[in-house]
Amino acid sequence: RSLLESDFSSIMLVESSGETARLRLRAAVGLSDEAHQNTLVPLNDDIAGRIAARQEPLVVNDVRRHDPASPLIPEGVVSVIGVPLSTGGKFLGVINAGTRTAHKYTLEDQAMLELLAARAASTIVRARLFEAERMARGHAERLQMVTAALSEAARPDEVMGVALEQLRHALKACTVAIALTTQDSEHIFVSRVLGDRQLAPPEGSSFALDDDNPLIDVVRRRKAVWVGDGSYPNGSADMRSWAAIPLEVEGRAVGAVTIAFRETQDFNEDDRAFALAVARQAAQALERARLFQAEQDARRQADAGRARAAFLADATALLASSLDYNATLEAVAQAGVPTLGDWCAVDMLEGLPGDAGPAARLLRVAVASARSWKADGHTDASRHMPAYELISSIRTSDASVAGWAPPEVLARAMESGKPVFEVSAGNDVPVPATGPGALPHGPACASLLVVPIASRGRTVGTISLCRTRPGRRHQKADIMLAEELASRAAVSLEQAWLYRAAQQANAAKAEFLATISHELRTPLNAIIGYSDLLGEGISGPINQQQALQLDRMRMSARHLLFLIDETLAFARSEADLHPVHLEEVDLHLSAREVAGAFARELSDRGIEFQYNVTSDVPLILSDSAKIRQVLRNLLSNASKFTDSGSVALSAYCHGDSVVIDVSDTGIGISPANLARIFEPFWQVEQSRTRRVGGTGIGLSVARKYAEMLGGSLTVRSAPEVGSTFSLRLPANRQDAVHTHPESAS
Ligand code: ADP
């Protein structure tokens, strides 16, 4: 401006994007600010456009005739001069000046301006080279940073964050975004947007991959698109430039990166190379992060599966620990805590398993809860889950269902037979302050899950599980686990019911057997009594044959009595109705008494009977009636199964025990049968057994009694050699030990 004493001067540089080349105003003095803002002039238009088109100097002496209202020429200017800026045959743009004085510029002015233009052009080229080199260096450094940052990003969102941040910064973009294809490869969704959100679709929006859309085109054709001149069809009004680069992994597109600008862009080589490199690395890093996440998800799932299996194993062990119905109910409540709830209650229909009419009520039968709510004075009843404990177990007929499991919620679960899940909005579920299940210091319930317990197609009760922390509300997996717990609880409760019913039936049977035995004994005692009277000749003399017949009668009657006693003893021991009467027992007396009854019968049959109770056998604290019953059973068997040889009864001390052996030289027992002879009603299948008779309960009663007395009954036997049964009893030595003269057979 000063060289030509002008009012304004400006420089416009040529810009080409695609096929069109235009001039952009790049520097000016004396022009309005508005004109300065990125004014573009098509070649051939305007004065500058004409200079550019012809690439020749131009002097206009009266602008108004040419171009009355160009923003590039200030108001009042009449004379304009302009020359092309070129160097080495390359056209760069136009430099011009103008003044309000008409016919101002001379040929000399033109020569000066051309000289200036030549210098300016070569300076611009140099500056451009320098700038390009600086940019290239910057991109290279930045690319190294991107590589380092991406290699550290583990999760997909971190990868996207790093890549977008670097792109936006390096290209000075207004908005950058990443869109990813869905797993089914049918959609693409916008995963991340950085920068001005007006220039990108909102995060989370998605497009079908068969849509007609420039972004989808990029993904489908796997080819980057660069639109620098505002010609992008779908862009917002503010968007002037747009680029999209596909994200490729092993030859398939997994998404695209988009870059948007408010200004037109020339997207030079370096920028493109940089953006492509970032996209390539981001795609690799994304794939790696996706795999990593998939693996982590799988591991989390496997962990959850393991935890679930462990919970069910614990619950099953807990439920299997008892056949007692009440204990099982408590186990169900305990099993729910702490995995499924901080508090767990079991409610059962009244009067199970009989029919519960329409007026059936639910009874709260067990409650377990977290230790932190422990009310003072409650004992630590939970051994299985040490951090938690059973607060109380309630069986009251009028316990109302209250507190954390409101009756209507329980009723819904009962009626639908499906889990009911309630989340309280605030702390509005009341804690029961008094009565069954009261938890004085307990926090409020945030999440309540009620699962029905179904048995044989009928809902018989509910398990209520309560969590207090809002952050730990029940999830879908919890509901499935609770249902599994309920179905296992149902099986265990059913077993406990059956066991209880069986026990009740057994008790009834024992009662019946006791009555019958008593009824049989009364007339039998009369038979024995009267035959004794007859035998002693009190009612008159009897001859020898009659005496023999009476003997047979009495023997049969006594055998019958033995069988009845054995049956009674068995029935009582089965029903655990036979209490132990502890007393001082003198084995010398008891053994001799029982042996005496068998000695004669054995010698009549020509079998030797040996009797040997050593003198050191002390008085013991035991139940003599039970010991005698055991010895009778053993001697009766020894006698039954021995045809020749001997039967022996011997007693001696062994350590802290007294051992009584009953041995015989009879038929013996095969190893296969040895384990079974103690089972009730079990007899070795042999014609001999049938011949000698027997009920098959003698040994089972004998072993049971031995155990009741704190001892044991064992056997050693070999077929055709004989058997030895050993009754071992705790010695319980008394202070005064009786000594007896050695007894012989
Ligand atoms: P029972 O003698 O009334 O059949 P037990 O329970 O006393 O019933 O005995 C069960 C079975 O064990 C007998 O039937 C018999 O087969 C076998 N057994 C018991 N004691 C002996 C023995 N001393 N010698 C051989 N077998 C025996």
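A quick note: this is a predicted structure, and the numbers were derived from the prediction, not measured. Just follow the structure's listing: the first ligand is 1, and inside any ligand the first atom is 1. Sequence positions, counted from 1, serve as the residue numbers for this chain.
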message: Between ligand 1 and Asn633, can you find any atom pair, the residue atom being a heavy atom, that is separated by under 4.0 Å?
response: no
message: Taking the basic N atoms (NZ, or NE/NH1/NH2) and the acidic carboxylate oxygens, is any pair closer than 4.0 Å for Asp604 and Arg552?
response: no
field: Phe725: partners by ring pair (Phe, Tyr, Trp, His ring centres under 6.0 Å), with sequence neighbours left out
entry: none
Short N or O distance, Ser700 and ligand 1, threshold 3.5 Å exclusive: no
message: Quick check on side-chain contact (heavy atoms from CB on, under 4.5 Å): which of Val346, Leu319, Leu329 does Leu493 satisfy it with?
response: Leu329
query: Can you list the steps and then say if Asp661 with Tyr652 is a side-chain hydrogen bond (donor to acceptor under 3.5 Å, both in side chains)?
result: CA-CA 9 Å; Asp661 284 342; Tyr652 52 92; 2.9 Å; yes
message: Looking at ligand 1, is there an atom of it that comes within less than 4.0 Å of some heavy atom belonging to Glu566?
response: no
task: Please determine if Phe725 has a nitrogen or oxygen closer than 3.5 Å to a nitrogen or oxygen of ligand 1.
output: no
query: At a 4.0 Å threshold, what atoms of ligand 1 neighbour a non-hydrogen atom of Lys640?
result: 1 (P), 2 (O), 3 (O)
Arg308: partners by salt bridge (Lys or Arg N to Asp or Glu O under 4.0 Å), with sequence neighbours left out: none
task: Provide the number and element of each atom of ligand 1 under 4.0 Å from a heavy atom of Ile669.
output: 25 (C), 26 (N), 27 (C)
message: For Arg500, is there an ion pair with Asp324 - N to carboxylate O distance below 4.0 angstrom?
response: no
task: List every atom of ligand 1 that sits less than 4.0 Å from any heavy atom of Gly668, numbering the atoms from 1 in the order shown and giving each element.
output: 25 (C)
- request: For ligand 1, note which part of Thr642 has a heavy atom under 4.0 Å away: side chain, backbone, both or neither.
  value: neither
task: Please verify whether a non-hydrogen atom of Gly666 lies at under 4.0 Å from ligand 1.
output: no
task: Using atom types as modelled and distance alone, determine if a side-chain donor or acceptor of Ser321 lies under 3.5 Å from a backbone N or O of Leu318.
output: yes
Short N or O distance, Ile667 and ligand 1, threshold 3.5 Å exclusive: no
